[in-house]
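We count residues from 1, following the sequence as given. Values below: all heavy atoms of this structure, side chains included; hydrogens, waters and symmetry mates excluded.
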Amino acid sequence: MDTTMVQAPVTFTIGAMKELKRLMNAPDFDATHYLRVGVKGGGCSGLSYVLGFDKVEADDDLFEVEGIRAVMKKAHGLYLAGMEIDFSEGLNARGFVFNNPNASSSCGCGTSFAV
């Protein structure tokens with residue numbers, strides 16, 4: 001496997017770290033998985049964010065944020081470098097929030113974007 005350890009391309013707020021650690025402490029969490037940050041085609045604006053736990057793949061870059069092992073496809077750094085991930089627990093919405101300086105536009109729900 002040809003993976004490379006890189007400086008974290010994204011940052012996480014305290015709220016996001018708290019939620020990620022809560023998820024990782026669940027009894028059914030697979031400790032062999034890494035946090036995957038990425039993009040995929042789709043959504044109202046063209047690209048959607050990916051945030052979940054997954055196995056490492058050959059074309060992944062590895063990074064670590066406050067003890068959490070994370071992976072991202074090498075090509076996704078172009079879209080996500082400098083992004084901040086937060087977690088909202090508001091009355092209208094609960095979930096991860098992506099603050100991406102590379103997005104030229106995003107949809108109303110904040111889960112898809114265009115560059």
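Among residues two or more places apart in sequence or in another chain, the side chain to side chain donor-acceptor pair (under 3.5 Å) test is passed with S88 by none. For F87, the ring pair (Phe, Tyr, Trp, His ring centres under 6.0 Å) criterion is met by F96, not counting sequence neighbours.
When side chains are defined from C-beta on, L80 counts as touching V39, because their heavy atoms get closer than 4.5 Å. At least one side-chain heavy atom of E57 sits less than 4.5 Å from a side-chain heavy atom of K73. Considering only heavy atoms from C-beta on, F98 comes within 4.5 Å of L51 through its side chain. Residues M24 and L35 have side chains not in contact (no heavy-atom distance under 4.5 Å, counting atoms from C-beta outward). Proximity of L20 to F12: side-chain heavy atoms (C-beta onward) are separated by under 4.5 Å at one or more points.
Using a 4.5 Å cut-off between side-chain heavy atoms of Ile, Leu, Val, Met, Phe, Trp and Tyr, with links allowed through other members, L23 and V10 fall into the same hydrophobic cluster. Transitive grouping of hydrophobic side chains (ILVMFWY, heavy atoms separated by less than 4.5 Å) brings I85 and F53 into a common cluster.
With values rounded to the nearest 0.5 angstrom, D54 atom CG is found 4.5 Å from R36 atom CZ.
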Less than 3.5 Å apart, which donor and acceptor atoms pair up between the side chains of residues 64-71 and the rest of the protein, not counting sequence neighbours?
from	atom 1	to	atom 2	distance (Å)
R69	NH1	Y34	OH	3.4
R69	NH2	A31	O	2.8
R69	NH2	H33	O	3.4

Query raised in the report: What do the steps show when you test H76 against K40 for side chain to side chain contact (heavy atoms under 4.5 Å, CB included), and what is the final call?
Result: CA-CA 9 Å; H76 293 189; K40 66 180 179 179; over 6 Å; no
**Report entry** N99/M83 under side chain to side chain contact (heavy atoms under 4.5 Å, CB included): CA gap, chis, key distance, verdict
**Finding:** CA-CA 6 Å; N99 300 307; M83 181 172 71; 5.5 Å; no
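Judged by distance alone, the side chain of N100 and the main-chain N or O of Y79 form a donor-acceptor pair under 3.5 Å.
Nearest heavy-atom pair across A81 and P101 is O-CG, 4.0 Å. Closest approach of V37 and M72 over heavy atoms only: O-CG, 3.3 Å.
Between D60 and K74, no side-chain nitrogen of the basic residue sits less than 4.0 Å from a carboxylate oxygen of the acidic one, so the salt-bridge criterion is not met.
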